[in-house]
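Order of the sequence lines fixes the chain letters, A, B, ..., with proteins taken first and strands second; residue numbering starts at 1 for each chain. As a basis for the values below, the full set of heavy atoms in this structure was taken, side chains included, without hydrogen atoms, waters or symmetry mates.
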Amino acid sequence: MARRVGICAVAQTTYQRDKWHERFQGMALEVLEPLLAQTGLDFSEDKGIGMSISVSDDIFDARTISDNGMTDVLGAHMRCEEKIAQEGIQALYYGLAAIQGGHVDTALVLGHCKESQGQSRNMVTHMAFDPFYTRPVGLDFTAAAGLQAQAYADRSDVGDTHLADIVARAGRMAQLNPATPEAPVLTREEVLASPMLADPIRAHHAYPVSDGAVGMILAAEETALAICDHPVWITGVGNCMDSFFLGDRDLASNFALKQAAARAYQRAGIDQPRDRFDVVEVSDQFAYQQPMWMEGLGLVDEGCGGAWIAGGGPDAMNVNRSGGMLAGNPLILGGLVRAAEVALQLMGLAGERQVADARRGLAHGVMGPAGQFHSVAILERD
Amino acid sequence: MQSDFDTSDCYTIEGKLALPYTYFAGRVGSRFITTLRDQHKIMGVRCAACDTVFVPPRQTCERCLGDLTDSWCEVGSRGRVVNFTVVRYPDRHLPRPVPFVLAMILLEGADTPIVHLLEGIPPEQVAVDMAVEAVFAETTTNTIRDIDHFKPCDA
Amino acid sequence: MTTYFGVDVADVIETMPSRFRKEAAAGIAGSFGYDLGEAGRWRLAVRDGDAALAPAEDLDDCLAVVATDPQTFVGIQLGKIDATEAMALQKLTVAGDRGAFGSITRLFQKYLPPGEEALPETELVVLKQTISVDQTFATGPVMGRFLKGLKEKKILAMRCPVCGRLQSPPREICAVCRVRNTEWVEIGPKGEMRMLEYVYYASPDPLTGETRETPYGAIGVLLDGCRDEEVFWHLLNPAQLDRVQMGSVIDGQVRHGSRLRPVWAENRTGSIDDIQYFELDD
Ligand SMILES: [Zn+2]
Ligand SMILES: [Zn+2]
């Protein structure tokens, strides 16, 4: 059996609309320094951190090979350095694989992004499309989400009021999360009154533009137990990439998420996922995605997303106690922040939003237009 | 921001990410575009293994991994709306002033819908299943926009 | 005779004269050999815009001889096998003048199996597009202080509290010692030329999308107060590209480079362009 890998420390900056006073390096240091302090680790060649895995995106950063200018603040100068240019939760997967494979005993994971830097987040996600077939009609992740929301909402009876309630709840939750000081706190009526962006998605249904950084220290079991009182074990990870062209997919089917979840559950030895998680963090970039991803994870009955919201399902199942993506995280960090939040909950370090005696949690990340790529991680504590 | 953070030396500088690219459509893509442009015909490729007609065409079936380079078939320039959204946020990369409709359109004989502009109808009257037809562009851009947009038509 | 990909090797060979493109053969003269193993050997003689082909035993007088098996030969003619790959795998070798052989491959129209008609050449579509997203770059406190210094005609560096090295432009931490830099030091503004990159081909500047005028000189200047590798990178006055002398330290032997001074921009805004370039301090 592969050796266990634990999350031993978590740190993040606040997530804010415009950290105009800080560049990437400053945000990264704000995460790196507490991680080193919490674990007592350094980057010495013999017993220091064995690998630095950063998460960033060339077009968001406006810098080719966006990790090249970051090596010093990642402790990676003259060391083993890797970058994830995909949903940030993949860095967790990468670190897990490197440690289980025996390459290193410890790994730093650190993601950063400033969505405020570019003039428009939609222009950045527009670049993800094909220059001949899909860019010319103006597709970006918001328009693609509009198409998916339309397809999903009917199938699962998710209406405008349900969506407003999801957003209003996210704001309430975020008030207990010190990392999201600017999360919009809105009433159902305010959400319902916000203008449409891409029908049926309203302006307040979309996650806010934000800047921030998040990081973790991962370690093999022996080291984890030596440097941390409460390591959180990564017991299952799975991902799946669906078709690039929207027309090649059934947008409401959750195909990729079901595959990703099944792979993660199988690795974690979970046959029936229902009621097995004390906390769940899903990357709800748009409000409709919270019930949709919950269905795809097999935690809510298929086609019942609307009823689940109406019945208080998110509170009952401790979904996105952090406020979720709707409270504001950069796109590429969504899943990594979800994993950080689940880890904090399992460590008992979630402050005012702590779920009592949380032992097992699920973190989810999504990237690409209309949920092309999904990644699921199962985290547990002893 | 940490409360003791001194911002007195911090400011911002305006710049750009600006890069000139030359994209290649590929051989399959080139044939699709030149046929669309010169003959106003919309071509797909059919994978015999999974019996699927893909539009836009591609060289390989991602499901069967078969070579589709020479599996051309013509699909209709009419189809029906399977899904749509109304884009209402203005932005520089968008092809039209907002609001405009982006629809997923399943062309006759195709199995995969394409995303395109739907015009000639107020957004609030667009409905799933409505019949639409291609309006070809007068000037070429050598892209899918050699169909300028789709418009409603009789079923 | 054996067929490969449904095609007879002899047909490929025998149709060569009829596929010969006279118009492309100007100035090419000589014999070229084809050694197709069990399938046979041929000599192609090209002279005065004509080609003659005949079976041959001895190919010693040929400028170049291509040796391959008949299957690879036919596969390449039909576009089923990649010639470069076949060469990499040693399934196809060219002895003699490779360049000359390369030129004769262009003398023939594409081979078409009997009964197949030539398709019109497909137009290959390319799209030229400049992607452009406006950016608001944050300086942060460290780069901000450095850039503000330029506005006041000062070049600032930060010193590592552990190893003492100077970095300019300064960074938040010393990558080697992995500690925050703490001490600000003013350096230069004059210094000594250490390195010159004489740039003939300029990439587009991603900040503007425009391409800088060439040639230009990117230089490493050892500003006064700095040592060893603590060079400051900027531009050289393009008119002085051929007048500067690089300095070096080899085995402790110091060779001093040209003395340089910054030329400050009239309107300084707190950006790296506040120094227009460096020029000779004579
Ligand atoms: Zn297929
Ligand atoms: Zn140092």
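Only the side chain of A/M127 comes within less than 4.5 Å of a heavy atom of chain C; its backbone N, CA, C and O stay farther away. Heavy atoms closer than 4.5 Å to chain A are found in both the backbone and the side chain of C/V176.
Between C/R178 and A/F43 the shortest heavy-atom distance is NE-CB, 3.2 Å. The nearest pair of heavy atoms linking C/A138 to A/W20 is CB-O, 3.3 Å. Among all heavy-atom pairs drawn from C/F137 and A/D61, the shortest one is CE2-O, 4.3 Å. Here the closest non-hydrogen pair linking A/P131 and C/Q129 is CB-OE1, 4.4 Å.
At most 12 non-hydrogen atoms from other residues, nucleotides or ligands lie less than 6.0 angstrom from CD of C/E229. Crowding of C/E213 atom CD: a count of heavy atoms from other residues, nucleotides or ligands under 6.0 Å not exceeding 12. Around atom CG of C/N267, no more than 12 heavy atoms belonging to other residues, nucleotides or ligands sit under 6.0 Å away. When the shell of 6.0 Å around CG of A/D46 is examined, it contains more than 12 heavy atoms from other residues, nucleotides or ligands.
No other option in C/D134, C/T136, C/V125 has as many heavy-atom pairs under 4.5 Å with chain A as C/D134.
Between A/D72 and C/R171 there is a salt bridge, since a side-chain N of the basic residue sits under 4.0 Å from a carboxylate O of the acidic one.
Note that CZ of A/F60 is 10.5 Å distant from CD of C/Q135, once rounded to the nearest 0.5 Å. Separating the CZ atom in C/R180 from the CD atom in A/E33 is a distance of 4.0 Å, to the nearest 0.5 Å.
Identified by a heavy-atom distance below 4.5 Å to chain C, the contributing residues of residues 110-121 of chain A are A/K114, A/Q117, A/G118, A/Q119, in residue-number order.
Side chains of C/C174 and A/H77 form no contact here, defined as non-hydrogen atoms less than 4.5 Å apart.
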side-chain contact (heavy atoms from CB on, under 4.5 Å), that's the test. Do A/R135 and C/I131 meet it? Break it down for me. CA-CA 11 Å; A/R135 273 191 216 169; C/I131 67 168; 4.1 Å; yes
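The closest donor-acceptor contact from the side chain of A/R23 to the backbone of C/G140 lies at 3.5 Å or more, if one exists at all.
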